[in-house]
Amino acid sequence: MTTSRISKELYYLQIARDVAARGTCLRRNFGAVIVNNDAIVATGYTGAPRGTTSSLEAGWCYREENNIPSGQRYELCRSVHAEQNAIIHAGREKCFHATLYLVGIDARTNTICGHEPCLLCTKMIINAGIDTIIVAKTEETYITLDRTDMIQRYEKQFTR
């Protein structure tokens, strides 16, 4: 008989990892789980918009072929980010005061890459009213970012 169980944070991060397995990016796949009042209200993974061809289906990545570095020129990517998809599926009412769990998987090595939300997703997270973001750094470790952290990260980008 087991006398201990995993934390809720690791539980939801494991679910986010499973969600990431649906991703269609050839570089990195993310899984996002939005939890409000200890209930999952939405999930999202990295993938092309509904009804369009994904990089996985096409067998190539525009960003890879044009040597576009990670974190730049998001408009040239076929995929919608996991955080964006989860927020779209939940709607603002279910996101307000929620926690977003995020796991990024390197598509080549199938290991956790530990990336935090990009600037575009940070803006959406702030506007959706999400209070906390928990990001997997390894299988067993994570960091917690609160709303203030997200706002400071955003403001830092635009400080002279």
Side-chain angles (χ1 to χ4, degrees), residues 9-36 39-96 98-139 141-143 145 147 149-150 153-154 156-158:
E9 291 80 11
L10 290 177
Y11 168 71
Y12 290 124
L13 287 170
Q14 283 181 4
I15 294 170
R17 183 179 176 124
D18 288 342
V19 171
R22 290 279 306 145
T24 60
C25 179
L26 298 174
R27 285 181 166 186
R28 278 170 221 83
N29 285 296
F30 285 79
V33 175
I34 298 175
V35 176
N36 204 335
I40 295 173
V41 297
T43 64
Y45 56 84
T46 308
R50 293 178 191 271
T52 68
T53 304
S54 71
S55 295
L56 186 63
E57 293 167 322
W60 67 282
C61 171
Y62 180 89
R63 292 166 52 84
E64 283 285 312
E65 286 201 5
N66 290 281
N67 297 314
I68 299 170
S70 178
Q72 296 179 17
R73 307 292 314 269
Y74 294 121
E75 75 277 9
L76 298 176
C77 180
R78 288 180 184 262
S79 291
V80 177
H81 289 187
E83 304 95 313
Q84 295 167 349
N85 275 322
I87 290 167
I88 290 165
H89 295 168
R92 190 170 193 281
E93 311 78 43
K94 292 180 182 174
C95 288
F96 201 66
T99 299
L100 186 144
Y101 294 84
L102 184 67
V103 176
I105 305 296
D106 184 293
R108 293 175 190 94
T109 64
N110 200 35
T111 58
I112 292 176
C113 58
H115 289 268
E116 296 171 22
C118 70
L119 183 60
L120 182 59
C121 288
T122 297
K123 292 190 290 187
M124 290 185 71
I125 289 166
I126 292 167
N127 260 12
I130 293 170
D131 282 346
T132 307
I133 301 91
I134 298 179
V135 180
K137 289 299 182 179
T138 68
E139 294 287 343
T141 63
Y142 57 87
I143 62 164
L145 304 167
R147 185 170 185 74
D149 296 327
M150 299 269 67
R153 285 181 58 193
Y154 174 78
K156 185 177 180 181
Q157 291 293 318
F158 300 101

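FYI, side chains are in, hydrogens and waters are out, and symmetry mates aren't considered; it's all heavy atoms of this structure.
Residues passing the ring pair (Phe, Tyr, Trp, His ring centres under 6.0 Å) test with Phe96, sequence neighbours excluded: none.
Relative ring orientation between Tyr12 and Tyr101 is described as tilted, the plane-to-plane angle lying within the 30° to 60° band.
A donor-acceptor contact shorter than 3.5 Å links the side chain of Arg153 to the backbone of Pro117. Not one N or O on the side chain of Arg28 forms a donor-acceptor pair closer than 3.5 Å with the backbone of Ala107. Ser54 places no side-chain N or O within 3.5 Å of a backbone atom of Ala48 that could act as its donor or acceptor partner.
His115 NE2 to Ile105 CD1: the interatomic distance, rounded to the nearest 0.5 Å, is 11.0 Å. Of the inter-residue distances, the one linking Ile125 atom CD1 with Ile133 atom CD1 reads 5.0 Å to the nearest 0.5 angstrom. In this structure, OG1 on Thr46 lies 9.0 Å from CD on Gln84, to the nearest 0.5 angstrom. We find the CD-CG distance between Gln157 and Leu119 to be 5.0 Å, quoted to the nearest 0.5 Å. Interatomic distance, CD1 of Ile134 versus OH of Tyr142, reported as 6.0 Å (0.5 Å rounding). Within the model, atoms OG1 of Thr24 and CG of Asn29 stand 6.5 Å from one another, a figure rounded to the nearest 0.5 Å.
Screening Val35, Ile130, Val135 for a side-chain contact (heavy atoms from CB on, under 4.5 Å) involving Leu100 leaves a single residue, Ile130. Each of Leu56, Thr53, Thr52 was checked for a side-chain contact (heavy atoms from CB on, under 4.5 Å) with Arg78, and the lone residue meeting it is Thr53. Across Cys121, Cys113, Cys118, a single residue satisfies side-chain contact (heavy atoms from CB on, under 4.5 Å) together with Phe30, and that is Cys113.
Counting heavy atoms from C-beta on, the side chains of His81 and Leu120 never come closer than 4.5 Å. Counting heavy atoms from C-beta outward, Lys94 and Ile34 have side chains that stay 4.5 Å or more apart. Between Arg73 and Arg63 the shortest side-chain heavy-atom distance falls below 4.5 Å.
Counting only residues at least two apart or in different chains, salt bridge (charged side-chain N to carboxylate O under 4.0 Å, His left out) contacts with residues 16-25 comprise Arg17-Glu139.
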Evaluation steps, side chain to side chain contact (heavy atoms under 4.5 Å, CB included), between Leu145 and Glu116:
CA-CA 9 Å; Leu145 304 167; Glu116 296 171 22; 3.9 Å; yes

Hey, mind stepping through Arg27 and Glu64 against side chain to side chain contact (heavy atoms under 4.5 Å, CB included) and telling me if it holds?
CA-CA 8 Å; Arg27 285 181 166 186; Glu64 283 285 312; 2.5 Å; yes

Full working for side chain to side chain contact (heavy atoms under 4.5 Å, CB included) between Asn66 and Leu76
CA-CA 10 Å; Asn66 290 281; Leu76 298 176; over 6 Å; no

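Across all their heavy atoms, Leu102 and Leu13 have their closest contact at O-CD2, 3.7 Å. Closest of all the heavy-atom pairs between Asn85 and Gly44 is CB-CA, 4.0 Å. Residues Ala20 and Gly31 come closest through the heavy atom pair CB-N, 3.3 Å. Pairing each heavy atom of Ser79 with each of Cys25, the nearest pair is OG-CB, 4.3 Å. Heavy atoms only, all atoms of each residue included: Tyr154 and Ile126 are closest at CB-CD1, 4.1 Å.
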